[in-house]
Amino acid sequence: MRTGVRRSESRATAKRSAAPIGKKDGRAAWLFLIPFGIFYLAFLLGPTLYMFVMSFFNTSAVRTGLGKFVGLKNYAEMFSRADFWDAMWHTVLFTIYTTPPLVILAFVLAVLSNRMRRGQWFYRLALFLPYILPSGTISLIWVFIFTPATGLWAWVQELLGMTPGTGILSGEHTAMIGIAIATVWWTLGFNFVLYLAGLQEIPREIYEAAAVDGATEWQQILRITIPLLGRTTGLVLLLQIIASLKIFDQVYLMTNGGPGTSTQVALQLVTGVAFTDNRTGAASAASVLVFILIMIVAGVRQLVGRISARNEA
């Protein structure tokens with residue numbers, strides 16, 4: 001008797017869950033989404049649209065209003081400025097320095113951590129802990145490490161019998177490498193967690209069946225782990241490229257674009273034009289160009305992902 005009652009209750013629950021969403025449910029959903037929509041329009045979409053509008057005007061930070069309409073003059077100025085192209089190249093160079101190690105190291109460390117039988121929590125915590133630190137703290141740590149004569153890097157050089165130089169951050173050809181090293185150490189934990197989450201979704205039975213068939217651990221990683229983490233790798237790669245193209249904090253705090261302008265990146269040029277030269281219209285044009293670059297990279301990545309998915313299907 002009780003079994004029949006439970007079956008009828010389960011059928012009634014299934015019917016209610018399969019019923020179409022009513023108007024009241026839709027209104028409730030909209031009520032929950034309205035606060036987010038207001039903040040999205042006020043602090044993200046609205047300023048972004050205003051930036052596009054300002055890029056066509058001679059807008060200044062020291063006067064009200066948009067100013068005089070100049071059309072594409074701000075864009076033409078940016079294309080003709082050598083420091084703009086240098087800043088864009090430094091941004092791309094930083095992306096090249098940081099993206100491969102942040103993807104490869106995160107994958108390797110996630111695989112090793114996932115295969116450990118003891119102390120997994122410690123290594124996961126140790127690898128993710130730097131990511132929760134603010135950029136100011138990270139910059140101070142690595143400026144101290146790279147300080148000539150008294151820094152930890154100079155001490156390591158002396159320990160290895162090398163002559164300490166003027167410092168990594170003091171050289172035009174090495175400063176960006178130092179910033180990239182600090183960034184890799186800082187942000188590795190985020191990609192590590194993404195890969196770790198992807199590894200948790202792979203059934204253990206697949207590895208057990210491969211081990212029974214005689215597959216070594218390296219073959220399991222090569223034939224099972226890497227293909228099944230293809231989407232995770234695509235996500236990590238896209239997020240990392242976008243984050244690297246938006247680099248600002250570490251450069252500003254560690255070198256301030258120096259020595260000279262050897263580490264000046266795109267967003268630092270934008271802030272200089274906007275708040276030092278007080279030319280927010282020209283800075284908006286530079287921001288739009290950076291935005292277009294990021295959208296092109298994201299679009300290419302999505303296109304490559306769709307093509308690879310079709311080939312796999």
Side-chain angles (χ1 to χ4, degrees), residues 9-57 59 64-66 95 99 102-103 106 110 124 128 131-135 186-187 189-202 228-249 266-267 270-271 274 280-281 283-310 313:
E9 289 179 353
S10 62
R11 290 175 182 174
T13 303
K15 289 181 180 180
R16 287 196 298 268
S17 61
I21 298 175
K23 292 183 178 180
K24 293 183 178 180
D25 297 329
R27 291 175 183 175
W30 279 109
L31 288 175
F32 279 106
L33 289 174
I34 284 175
F36 170 78
I38 292 174
F39 279 95
Y40 183 81
L41 291 174
F43 297 104
L44 183 61
L45 187 60
T48 302
L49 294 176
Y50 191 64
M51 175 192 70
F52 277 97
V53 173
M54 280 198 304
S55 66
F56 298 103
F57 290 84
T59 310
T64 60
L66 289 174
T95 305
T99 300
L102 279 171
V103 175
R124 292 178 181 181
F128 185 74
Y131 184 73
I132 68 176
L133 297 176
S135 57
W186 178 29
T187 59
F190 180 74
N191 296 342
F192 168 77
V193 170
L194 291 179
Y195 271 121
L196 204 58
L199 288 170
Q200 301 298 323
E201 296 297 325
I202 301 177
L228 292 181
L229 287 180
R231 292 187 177 181
T232 303
T233 301
L235 176 63
V236 170
L237 188 63
L238 178 61
L239 293 178
Q240 187 56 56
I241 291 175
I242 293 175
S244 297
L245 291 175
K246 296 190 297 181
I247 174 67
F248 174 77
D249 294 4
L267 292 186
V270 170
T271 56
T280 51
S284 298
S287 300
V288 170
L289 294 175
V290 176
F291 175 78
I292 292 174
L293 174 62
I294 294 174
M295 292 302 297
I296 290 174
V297 171
V300 170
R301 174 63 196 89
Q302 291 296 104
L303 182 61
V304 171
R306 290 182 179 180
I307 292 175
S308 61
R310 290 178 182 177

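Residues: numbered from 1 along the sequence shown.
With rounding to the nearest 0.5 angstrom, the CD1 atom of I202 is 4.0 Å from the CG atom of L229. With values rounded to the nearest 0.5 angstrom, I38 atom CD1 is found 11.0 Å from L33 atom CG. Taken to the nearest 0.5 Å, the CG atom of N191 stands 9.0 Å off from the CG atom of L235.
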Subject >> Derivation of the side-chain contact (heavy atoms from CB on, under 4.5 Å) call for F57 and T280 >> reply: CA-CA 9 Å; F57 290 84; T280 51; over 6 Å; no
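Nearest heavy atom pair, residue A106 against residue L102, reads CB-O, 3.1 Å. The two residues M54 and S284 come nearest to each other via the heavy atoms CE-OG, 3.2 Å. Nearest heavy atom pair, residue T232 against residue L194, reads CG2-O, 3.7 Å. Heavy-atom minimum distance, S135 versus D249: OG-OD2, 3.3 Å. For the pair L199 and A110, the tightest heavy-atom approach, listed with the atom from each and the gap, is CD1-O, 3.4 Å. Nearest heavy atom pair, residue L133 against residue W186, reads O-NE1, 3.1 Å.
A 4.5 Å side-chain heavy-atom check between Q240 and S244 finds at least one atom pair inside the cut-off. Inter-residue side-chain proximity for F39 and L44 is flagged as unmet; no heavy-atom pair is nearer than 4.5 Å. Counting heavy atoms from C-beta outward, V270 and F248 have side chains that stay 4.5 Å or more apart. Residues L238 and Q302 are in side-chain contact: their nearest non-hydrogen atoms beyond the backbone lie under 4.5 Å apart. Within the 4.5 Å cutoff, side-chain heavy atoms of L237 are placed close to those of I241.
The local environment of CD in Q200 is crowded, with over 12 non-hydrogen atoms from other residues, nucleotides or ligands closer than 6.0 Å.
Relative orientation of the Y131 and F128 rings is tilted, given thresholds of 30° and 60° on the angle between their planes.
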Solution key, residues 285-298 side-chain donor-acceptor pairs under 3.5 Å, sequence neighbours excluded:
unit_1 : atom_1 : unit_2 : atom_2 : d
S287   : OG     : A283   : O      : 3.0

